[in-house]
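For reference, the structure discussed in these notes is given below.
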Amino acid sequence: FQPSQLTMLFLAFAVLVACGGGGDDGTTPTDSGSTSASWTYMVYMGADNNLSSAGLVDLNEMESVGSNANVKIVLQAEFSQQYTPSLDSSYGYNWTTLRFLVTNDNDTSDVNLAAGTSIGNQDMGDPATLSAFITWATTNYPADHYALVIWDHGAGWKKSRLATMQFKGAVQDATSGSFMSLPDLAEAVTDAGVHLDIINFDACLMGMYEVLYEFNGLVDYMVFSEETEPGNGDPYDTILAALVATPSMSARTLSQTIVNAYHN
């Protein structure tokens, strides 16, 4: 289905469980970024909530593949002191927002939080924070194609009955007490000024025409679920391994790859 310039793919499989979904100073990448990659795969991970442990699982999946010359995997993440309290003692994590150029760490059983660069404790539910991430990622890691993953709780277009999510949209930051509304999400992409090939909502309940409408003209393809997702969401190891193996794949093919990998 293609209204105007925007095409969507539905991730329409009901799974009745919880929904889920660097540089040396946070602004300068560890590689120069002077040569454009084929894809920059941006993941905006709002894990400062009860999905914190799921975020660590997904980061580990990303690290099992890692970036190369053709595919840059770029992550901004924040984790929860309440739900993963041992991160400070285990990794020296001080509950701030981290930016990563995700690399292969050859360790499928653990994450490398030390690879992230702290940019202070940002409000991940603030559209300005998302917009700044998109700008940073695309400036430092330019590519022919851009995919943006919004990773977190999702509440679709209608208001949720859950006390923690009273707004339409996605991305909860429990420390900041915020939840990004649907118009704010679209505003963040607009303000970044980058036309995206794909937006993938690795979040619950976002597969609606109303969500699609907000991003009309900002993106070519959208991947999202009409139903709830597992806490761990997308299988990043499978998806990114396919992209790294075939970096020339089109946005449509990558969108289909995300859907098929999730379903499988």
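Counting begins at 1 with the first residue of the sequence.
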Pair Q81-T175, side-chain contact (heavy atoms from CB on, under 4.5 Å): steps then yes or no
CA-CA 9 Å; Q81 185 172 10; T175 298; over 6 Å; no

Is there a donor-acceptor contact under 3.5 Å from the side chain of [X] to the main chain of [Y]?
X    : Y    : result
S131 : A188 : yes
D88  : N94  : no
S64  : E61  : yes
N49  : A174 : no
T253 : M249 : no
T129 : D123 : yes
D173 : M124 : yes

I need the [X] [atom1] to [Y] [atom2] distance, nearest 0.5 Å.
X    : Y    : atom1 : atom2 : result
D202 : I258 : CG    : CD1   : 9.0 Å
N60  : T108 : CG    : OG1   : 6.5 Å
S80  : W95  : OG    : CH2   : 7.0 Å
Y44  : D152 : OH    : CG    : 9.0 Å
I134 : L148 : CD1   : CG    : 5.0 Å
D191 : L130 : CG    : CG    : 10.0 Å

Looking at side-chain heavy atoms only, is the closest gap between [X] and [Y] below 4.5 Å?
X    : Y    : value
H145 : L254 : no
N200 : W151 : no
N70  : V244 : no
D234 : D58  : no
H195 : D220 : yes
Y236 : V149 : yes
W39  : L243 : yes
L212 : N216 : no

What pair of heavy atoms forms the shortest contact from [X] to [Y], and how long is it?
X    : Y    : value
S52  : Y83  : CB-CB, 4.3 Å
A251 : D197 : CB-CB, 3.9 Å
F224 : M206 : CD2-O, 3.3 Å
A203 : S225 : O-CB, 4.2 Å
F79  : Y93  : N-OH, 3.0 Å
V171 : L185 : CG2-CD2, 4.4 Å

Under the side-chain contact (heavy atoms from CB on, under 4.5 Å) criterion, do I119 and T96 qualify, and how do the steps go?
CA-CA 7 Å; I119 57 171; T96 61; over 6 Å; no

Are F215 and Y146 connected in a single hydrophobic cluster, I mean Ile/Leu/Val/Met/Phe/Trp/Tyr linked by side-chain heavy atoms less than 4.5 Å apart?
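Hydrophobic grouping puts Y146 with F215.
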
Can L51 be reached from V57 by stepping across I, L, V, M, F, W or Y side chains whose heavy atoms are under 4.5 Å apart?
no

In chain order, what residues pass the side chain to side chain donor-acceptor pair (under 3.5 Å) check against E63, with sequence neighbours excluded?
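For E63, no residue satisfies side chain to side chain donor-acceptor pair (under 3.5 Å) once neighbours in sequence are set aside.
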
Going through the checks in order, is the side-chain contact (heavy atoms from CB on, under 4.5 Å) test met by V194 and T135?
CA-CA 8 Å; V194 178; T135 299; 5.8 Å; no

Could you work out, with side chain to side chain contact (heavy atoms under 4.5 Å, CB included) as the rule, every residue matching S67, not counting sequence neighbours?
K72, I73, L101

Residues that D184 engages under side chain to side chain contact (heavy atoms under 4.5 Å, CB included), provided they are two or more places apart
P127, M180, S181, E187

If we check side chain to side chain donor-acceptor pair (under 3.5 Å) with T97, which of these qualifies: E78, Q122, Q76?
E78

So, applying side-chain contact (heavy atoms from CB on, under 4.5 Å) with M42, which one of I199, L75, T138 is it?
T138

Verdict with reasoning, D107 to N112, per side-chain contact (heavy atoms from CB on, under 4.5 Å):
CA-CA 9 Å; D107 186 350; N112 183 13; over 6 Å; no

